[in-house]
> 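Before I ask anything, here is the structure I am working with.
When a ligand or atom number is given, it counts from 1 through the structure's own listing order. Any value given below was found using the heavy atoms of this structure, including those in side chains, with hydrogens, waters and symmetry copies removed. Positions are given from 1, in the same order as the sequence printed here.
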Amino acid sequence: MTVKIRAIRGFRDIPPEEAFRLQDIEVRARKHFERYGYHEIRLPVVEATELFARAIGETTDIVEKEMYTFADRNGQSITLRPEGTASAVRAYLQGGWKSRGGITKIYYSGPMFRYERPQKGRYRQFYQMGLEALGGGGPLVDAEVIELLHRLFELLEINDIRILVNSLGCGECRPSFRGELMEFLERTSDELCSVCKKRIKANPLRVLDCKVPSCIEALKDSPVMLDFLCPDCETHFDRVTEALNGLEVRYEVDPRIVRGLDYYNRTAFEAVCERLGAQNAVAAGGRYDGLASELGGDVPGIGFAIGMERLNQIVDWENRTISPPDYYIAAATPGARVPALNIAGILRGYGYCVEIDLEDRSLKAQLRSANKFNIRSVVIMGDEELERGVLKLKDFDNKTQVELSMDELIQNAANRSRSSKGDA
Ligand code: HAM
């Protein structure tokens, strides 16, 4: 007996209804990003493993245990991208785009891969839309990026997302915070979970992000980065929040936001929605001025990525579903099959969605299908109509049936197409 092949764990099919919604969100998001001057970049799905190890950080969960890493046929270690930022910066440096001057604004959309424990809202292949502003180090860039994200949620009519903002300082001020935090964690280590205990030395900041209730309790009086910012980082953060206030962006300062990737400095943020349950982050990002130097270059940057499955889950889709085709073309006799296909092609040429029977079924069965698809306009043609050069057009909305010449039907369709284009 042949064994049935199923998708591998953590990988799933996105059925047409869900793909339709994702596409709808994506189209809106693309237009929105473009209004702010971002342009699409298509990045490779596979990169040299070293890119992620250097950019994301050797001691992060992603690099330590979540990457899909393989040796290719030449023995080179390659990795399915777990995120897009590292590739975007690599592309910027490789393309020498600094010479263009100004801020390079790019966005990307596509699958990412992480070997995480699958659960609701967490997959091993998931989709992100992300954007990066490269070449601008000032606080207004941060404010615009966060504002853009906030307005996208507004555009999608989601109003229960909280945007949490923090500053992670810089190479000047973070070491003293890190030292203080490590001391605190060592003092409280008995109350921490086993994962946090291990992280105290390797990556103490990540401990602040632990979701285990006993750790949250133990960390409630821990030192926070905001109290250790150097004057430059403090001014930067103040200017970001001032601008966000001026732009009337709803956000909260949350000193516990630390992010799971090592490349961040200064502004870091997460957008969370309680409706998502345990995996409540729908988007996240921040500034990463030091990332490029890990890759042998130098460019400040900031960006974010949205988890598309999660975003799709919280959009209210009540009135947005796949619409039925505009026309059903029914052939009443065998001789009308090919002419019917012809008419379908002409109407499709005018931009209409047309359904037609391809299985030689009876007229009754065809009309049943039209009804099942909820198609409101049905064109019926048989030998007799063909001879007279006419068609029957049944309109289920107006409950009418008229006889038209082919030219009239096509003219009718062309007029409708023009007026609907005019409405768009
Ligand atoms: P991240 O926080 O790792 O950041 O991922 C961003 C978003 O991707 C998350 O908030 C979540 O919505 C979604 N996501 C992450 N992992 C999964 C998963 N296993 N299943 C489903 N959704 C997931 C980054 O990736 C950074 N590159 C963001 C960034 C861009 N920072 C600066 N620029």
> For Tyr127, does its backbone N or O pair with a side-chain atom of Glu309 as donor and acceptor, under 3.5 Å?
yes

> Ligand 1 versus Glu132, non-hydrogen atoms closer than 4.0 Å: side chain, backbone, both, neither?
side chain

> Between Asp357 and Gln366 (side chain of the first, backbone of the second, donor and acceptor by atom type, cut-off under 3.5 Å), is there such a pair?
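Checked: no pair found.
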
> Are there more than 12 heavy atoms of other residues, nucleotides or ligands under 6.0 Å from atom CG of Asp13?
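Atom CG in Asp13 is not crowded, with 12 or fewer foreign heavy atoms closer than 6.0 Å.
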
> For atom 27 (N) of ligand 1, what is the nearest protein heavy atom, given as residue, atom name and distance?
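Scanning the protein heavy atoms, the shortest distance from atom 27 (N) of ligand 1 goes to Glu83 OE1, 2.6 Å.
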
> Keeping the roles fixed (side chain from Lys394, backbone from Ile380), state whether a donor-acceptor pair exists under 3.5 Å.
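No, the answer is negative, given that no donor and acceptor are paired below the 3.5 Å cut-off.
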
> Among all protein non-hydrogen atoms, which one is nearest to atom 8 (O) of ligand 1, and what is the separation to 0.1 Å?
Gln128 NE2, 3.1 Å

> Contact between Gly121 and ligand 1, counting heavy atoms under 4.0 Å?
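Flag set, Gly121 near ligand 1.
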
> Please classify the Val282 to ligand 1 contact at 4.0 Å (heavy-atom distances, strictly less than): side chain, backbone, both or neither.
backbone

> What is the closest protein heavy atom to atom 20 (N) of ligand 1, and at what distance does it sit?
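The closest one turns out to be Tyr123 N, 3.0 Å.
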
> So is Ala283 touching ligand 1 or not, going by heavy atoms under 4.0 Å?
yes

> Counting each atom of ligand 1 from 1 as listed, which ones have a heavy atom of Leu261 under 4.0 Å away?
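Matching atoms, with element in brackets: 3 (O), 4 (O).
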
> Please indicate whether any nitrogen or oxygen in Glu309 is less than 3.5 Å from any nitrogen or oxygen in ligand 1.
no

> So which bit of Phe304 gets within less than 4.0 Å of ligand 1, heavy atoms only: side chain, backbone, both or neither?
backbone

> Taking all heavy atoms of Cys273 and all of Ile314, pick out the closest pair and write down the distance.
SG-CG2, 3.8 Å

> Parallel, tilted or perpendicular: which fits the ring planes of Tyr327 and Tyr352, with parallel below 30° and perpendicular above 60°?
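The arrangement is perpendicular - the two ring planes meet at more than 60°.
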
> Specify the protein heavy atom at minimum distance from atom 13 (C) of ligand 1: its residue, its atom name, and the distance to 0.1 Å.
Gly307 CA, 3.6 Å

> Taking NZ, NE, NH1 and NH2 as the nitrogens, is one of them in Asp209 or Lys211 under 4.0 Å from a carboxylate oxygen of the other?
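Salt bridge flag = yes for Lys211 with Asp209.
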
> Is there a heavy atom in Gly286 that sits closer than 4.0 Å to ligand 1?
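Yes; Gly286 lies near enough to ligand 1 that a heavy-atom distance drops under 4.0 Å.
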
> Select the closest option to atom 10 (O) of ligand 1 among Pro118, Gly84, Ala281, Gly303, judged by heavy-atom distance.
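The nearest heavy atom belongs to Ala281.
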
> Looking at Arg124 and Glu116, is there a salt bridge between them, counting it only when a charged N and a carboxylate O are closer than 4.0 Å?
no

> Considering only the protein, which heavy-atom contact is closest to atom 30 (C) of ligand 1, and what is its distance?
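Here the nearest protein heavy atom works out to Thr85 OG1, 3.0 Å.
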
> Measure from atom 15 (C) of ligand 1 to every heavy atom in Phe269, Tyr108, Tyr127, Phe126 and give the option owning the shortest one.
Phe126

> Out of Arg114, Met112, Glu116, who gets a non-hydrogen atom closest to atom 24 (C) of ligand 1?
Arg114

> Taking 4.0 angstrom as the limit, do Asp395 and Lys399 come out as a salt bridge?
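Looking at Asp395 and Lys399, the cut-off is not met.
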
> Flag the pair Glu147 and Arg151 as a salt bridge only when some basic side-chain nitrogen lies within less than 4.0 angstrom of an acidic carboxylate oxygen.
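Between Arg151 and Glu147 there is a salt bridge, with a charged N closer than 4.0 Å to a carboxylate O.
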
> Identify, for atom 26 (C) of ligand 1, the protein heavy atom at the shortest distance, and state residue, atom and that distance.
Tyr263 OH, 3.4 Å

> Identify every side-chain donor-acceptor pair in residues 132-142 under 3.5 Å, counting partners at least two apart or on other chains, and give the distances.
unit_1	atom_1	unit_2	atom_2	d
Glu132	OE1	Tyr288	OH	2.6
Glu132	OE2	Thr85	OG1	3.0
Glu132	OE2	Tyr108	OH	2.6
Asp142	OD1	Arg287	NE	3.1
Asp142	OD1	Arg287	NH2	2.6
Asp142	OD2	His236	NE2	2.8
Asp142	OD2	Thr267	OG1	2.6
Asp142	OD2	Arg287	NE	3.2

> Among residues at least two apart in sequence or on other chains, which ones pass salt bridge (Lys or Arg N to Asp or Glu O under 4.0 Å) with Arg239?
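Partners of Arg239 under the salt bridge (Lys or Arg N to Asp or Glu O under 4.0 Å) test: none.
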
> Would you kindly specify which portion of Arg259 sits under 4.0 Å from ligand 1, judged on non-hydrogen atoms: side chain, backbone, both or neither?
side chain

> Out of curiosity, is Tyr264 lining ligand 1, as in a heavy atom under 4.0 Å away?
yes

> Taking only heavy atoms of Arg122, which atoms of ligand 1 are found under 4.0 Å from at least one of them?
18 (C), 19 (N), 20 (N)

